[in-house]
Amino acid sequence: MTDSFDVIVIGAGPGGYVAAIRCAQLGLSTACIDNLINHKGDPALGGTCLNVGCIPSKALLDSSEQYHRLVHRFPAHGIKAKGVSMDVPTMQNRKESIVEGLTSGIAQLFKANKVTSIHGFGRLTMDNTVNVIDESGQIMRTLVGRDIILAPGSTPAHLPKIPFDHEFVLDSTGALNLENVPKRLGIIGAGVIGLELGSVWNRLGSEVTLLEALDDFLPVADHQVAREARRQFTKQGLDIRLGAAVSKLSKSKNGLRVHFLQKDADDSVEVDRVVVAIGRRPATDGVISADSGVGTDSRGFIVVDDECRTNVPNVWAIGDAVRGPMLAHKSSEEGMAVAERIAGGKAHVDFNCVPWVIYTSPEIAWVGRTENELKAAGHDIRTGSFPFAATGRARAMEEPVGFVKMVADAKTDRLLGVHMIGPHVSELINECVLAMEYQASSEDLARTIHAHPSLSEAVHEAALAVDRRAIHKVN
Ligand code: FAD
Ligand code: AMP
């Protein structure tokens, strides 16, 4: 029997599940197919983000940060604690219950919105037909959709010479599930995921070595932010080796030896476990059969236009499996926009206004373009920055670290980018995203009243500093 739907969504991550809910809200009959099985062996919605990405990593970052504060930062407040210890299984159980609460919440939202949720592997064939395949490879059901949204997401990239054994050589999921603190942890790749996972285990006592092939640290971030981040992370004990391209792994007497090439010389480091965090690749294998006609590029990304249309009419693709940053909120925004377009409405995603956050301590966040990028493109710009140490709130919180930096067009004063490192910048950045979405000038932010005392005063003062009129620093 063939079931027909207005829309069939493949993948129930933050791209797919949001698209499915929005389609249903718009009155379209919608099915969402997902094949994720959680660590208990049960189907779970929410994709990478809820199950093995954003949410579990933030749960562990929070637990490890609380522990680290209690041991290292509370004494400055006069709080003394004796016999503090970390119970890793309890930390992991807390993480699991958060994940379970949120993933089961998606199931409830599907029910309430009348989204038909189907467990299995969806494969798009010709004429908008989707086969749902079970674990044994058998076709369980065949569906036809007027529109198809492909949202299969991404999986961890691996190094061919260092395959995952999921015991000693781990991917990000393995690094989120460790049941005890490794004495020495090697992390290959000092990108967003490597830094977040490295921070978790470093705070809990691991000696963490990050091996990064590039010579620059965090080249996607503003150069001053990256420099301050490196300084802070090194102070925290992260051993960051740049220009260190990992080539292979060998067994040593007391653990594992990770071999890398640095400045044309062979070097190595001995660790107990290794996490490979070298990026992610689109999870498009088997999702699109050749007769569907949907095009992918040489790296497996589904080729789409700015509005997420593939080359086949009525077939759309969103999220990590298409061009652009691999971020949950980017996937969700594309999902909502595609739903609106399918329903005949208008939608707009401003890819220049996608916030980036790294949830280390201090946090790092930005939106828009960097000073260096703009200068290289020949833009005439003005910048203003302001340190958190000059705000009363950051000092009262005992977190006087980092700064806010604003970049504006020299002639029109339009905001082109905002870059931050410091306390709670994951929250502060959103004011700047809104400002950029509304095409605000730095003057607009400078003339907006910010509560005192609050961390957002650093945003206000950075905006004032663009015009050299910050009050609480010498311009
Ligand atoms: P996914 O979340 O990958 O979901 C795709 C779903 O589709 C999966 O459930 C998959 O099993 C399923 N699927 C795939 N193929 C098929 C098929 N053929 N049939 C049926 N189902 C299929 N992003 C942030 O914005 N903030 C963060 O803090 C953050 N932290 C992260 C931390 C870690 C450790 C990791 C690994 C990622 C993190 N990310 C973060 C990235 C974020 O998780 C992804 O950008 C986001 O999940 C992408 O959403 P998606 O819907 O495109 O795909
Ligand atoms: P991200 O793209 O944020 O996930 O970060 C992944 C990081 O891993 C990038 O900075 C890459 O340069 C780095 N990387 C990729 N391959 C290697 C390798 N063989 N050795 C060390 N670092 C690597």
Side-chain angles (χ1 to χ4, degrees), residues 9-19 32-38 43-58 60-61 103 118-124 130-133 149-162 171-173 175-176 186-197 200 210-220 241-248 258 260-262 275-280 282-288 317-322 324-332 334-335 354-359 426:
V9 185
I10 298 182
Y17 85 72
V18 167
C32 185
I33 308 166
D34 192 276
N35 70 337
L36 192 141
I37 297 279
N38 67 15
L45 301 173
T48 303
C49 175
L50 266 60
N51 289 281
V52 291
C54 325
I55 300 304
S57 60
K58 267 77 256 177
L60 296 191
L61 278 157
T103 55
I118 300 170
H119 180 74
F121 185 90
R123 174 172 297 146
L124 178 66
V130 175
N131 289 327
V132 184
I133 298 161
I149 304 176
L150 303 169
S154 62
T155 52
H158 72 283
L159 287 165
K161 287 194 185 156
I162 309 184
D171 59 11
S172 54
T173 304
L176 289 170
I187 300 192
I188 308 175
V192 178
I193 292 175
L195 285 168
E196 290 189 357
L197 294 172
V200 167
L210 285 138
L211 300 166
E212 169 56 56
L214 299 176
D215 292 326
D216 284 341
F217 181 63
L218 276 182
V220 284
R241 316 263 186 107
L242 299 179
V246 173
S247 50
K248 62 176 186 186
V258 189
F260 55 93
L261 194 67
Q262 201 175 28
V275 178
V276 180
I278 58 160
R280 298 178 62 81
T284 46
D285 290 351
V287 182
I288 318 158
I318 59 172
D320 280 11
V322 304
M326 289 186 167
L327 294 169
H329 42 280
K330 177 265 192 184
S331 302
S332 299
E334 286 182 332
V354 179
W356 286 70
V357 178
I358 309 179
Y359 293 83
S426 57

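Positions are given from 1 along the sequence. Atoms considered below: every heavy atom in the structure, side chains included; atoms not considered: hydrogens, waters and symmetry mates. In this text, all values refer to a predicted model and were calculated from it rather than measured experimentally. In each ligand, atom 1 is the first atom listed, and ligand 1 is the first ligand listed.
For Gly120, the closest heavy-atom approach to ligand 1 falls below 4.0 Å. Residue-ligand proximity: Ser247 is placed with every non-hydrogen atom at 4.0 Å or more from ligand 2. For the pair Lys330 and ligand 1, no heavy-atom separation below 4.0 Å is found. Not a single heavy atom of Arg123 lies less than 4.0 angstrom from ligand 1.
For ligand 1, the polar-atom distance check finds an N/O of Ala328 within less than 3.5 Å of one of the ligand's N/O atoms. Residue-to-ligand polar distances keep Ala245 apart from ligand 2: every N/O pair is separated by 3.5 Å or more. Residue contacts with ligand 1: Ser172 is placed with no nitrogen or oxygen under 3.5 Å of a nitrogen or oxygen of the ligand (distance criterion only). Geometrically, ligand 1 and Gly15 share a nitrogen or oxygen pair separated by less than 3.5 Å. Of the N or O atoms in Val192, one or more lie within a sub-3.5 Å distance of an N or O in ligand 2.
Among Ala190, Gly194, Gly279, Pro325, the residue whose heavy atom lies nearest to atom 4 (O) of ligand 2 is Gly279. When the heavy atoms of Gly319, Ala277, Gly53 are ranked by distance to atom 33 (C) of ligand 1, first place goes to Gly53. Ranked by closest heavy atom to atom 22 (C) of ligand 1, the top entry among Asp171, Asn35, Val322, Val287 is Asn35. Compare Ala19, Gly13, Pro14 by their heavy atoms: the one nearest to atom 49 (O) of ligand 1 is in Pro14. Nearest residue to atom 52 (O) of ligand 1 from Leu61, Asp320, Ile133 is Asp320 (criterion: closest heavy atom). The nearest non-hydrogen atom to atom 20 (N) of ligand 2, considering only Ile278, Val246, Leu214, Ile162, comes from Val246.
Among all protein heavy atoms, the one lying closest to atom 7 (O) of ligand 1 is Gly11 CA, 3.2 Å. Among protein heavy atoms, the minimum distance from atom 40 (C) of ligand 1 is reached at Cys54 SG, 3.3 Å. Distance from atom 18 (N) of ligand 1 to its nearest protein heavy atom, with residue and atom name: Gly122 O, 2.9 Å.
Annotation for ligand 1: atoms under 4.0 Å from non-hydrogen atoms of Arg280 are 36 (C). Taking every non-hydrogen atom of Lys58 and a distance limit under 4.0 Å, the qualifying atoms of ligand 1 come out as 27 (C), 28 (O), 29 (C), 30 (N). For ligand 1, the atoms sitting less than 4.0 Å from at least one non-hydrogen atom of Met326 are 41 (C), 45 (O), numbered in the order shown with element in parentheses. The distance from ligand 1 to the heavy atoms of Ser57 drops below 4.0 Å at these ligand atoms: 32 (C). Atoms of ligand 1 found under 4.0 Å from any heavy atom of Cys49 (numbered from 1 in listed order, with element): 2 (O), 43 (O), 47 (O). For ligand 1 and Tyr359, the ligand atoms under 4.0 Å from any heavy atom of the residue are 28 (O). Within ligand 1, the atoms closer than 4.0 Å to a non-hydrogen atom of Gly153 are 1 (P), 3 (O), 5 (C), 52 (O), 53 (O), numbered from 1 in the order shown. Atom numbering of ligand 1 starts at 1 in the shown order; those under 4.0 Å from a heavy atom of Ser331 are 48 (C), 49 (O), 50 (P), 52 (O).
At a heavy-atom cutoff of 4.0 Å, ligand 2 is contacted by no atom of Ile193, backbone or side chain. Under 4.0 Å from ligand 1, not a single heavy atom of Tyr17 appears. If you look at Asp34 next to ligand 1, the close heavy atoms, those under 4.0 Å, come from the backbone and the side chain alike. Of the heavy atoms in Ala277, only backbone atoms (N, CA, C, O) come closer than 4.0 Å to ligand 2. Only backbone heavy atoms of Ser154 (N, CA, C or O) come within less than 4.0 Å of ligand 1; its side chain stays farther off.
The two residues Leu327 and Pro355 make their nearest non-hydrogen contact at CD1-O, 3.6 Å. Residues Thr155 and Ala283 come closest through the heavy atom pair CG2-CB, 4.0 Å.
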Kindly indicate, with the supporting measurements, whether the criterion side chain to side chain contact (heavy atoms under 4.5 Å, CB included) is fulfilled by His329 and Val354. CA-CA 8 Å; His329 42 280; Val354 179; 3.9 Å; yes

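Side chain of Lys330 to main chain of Gly319: a donor-acceptor pair is present (N/O by atom type, distance under 3.5 Å, no hydrogens or angles). Between the Ser332 side chain and the Pro14 main chain, a donor and an acceptor come within less than 3.5 Å of each other.
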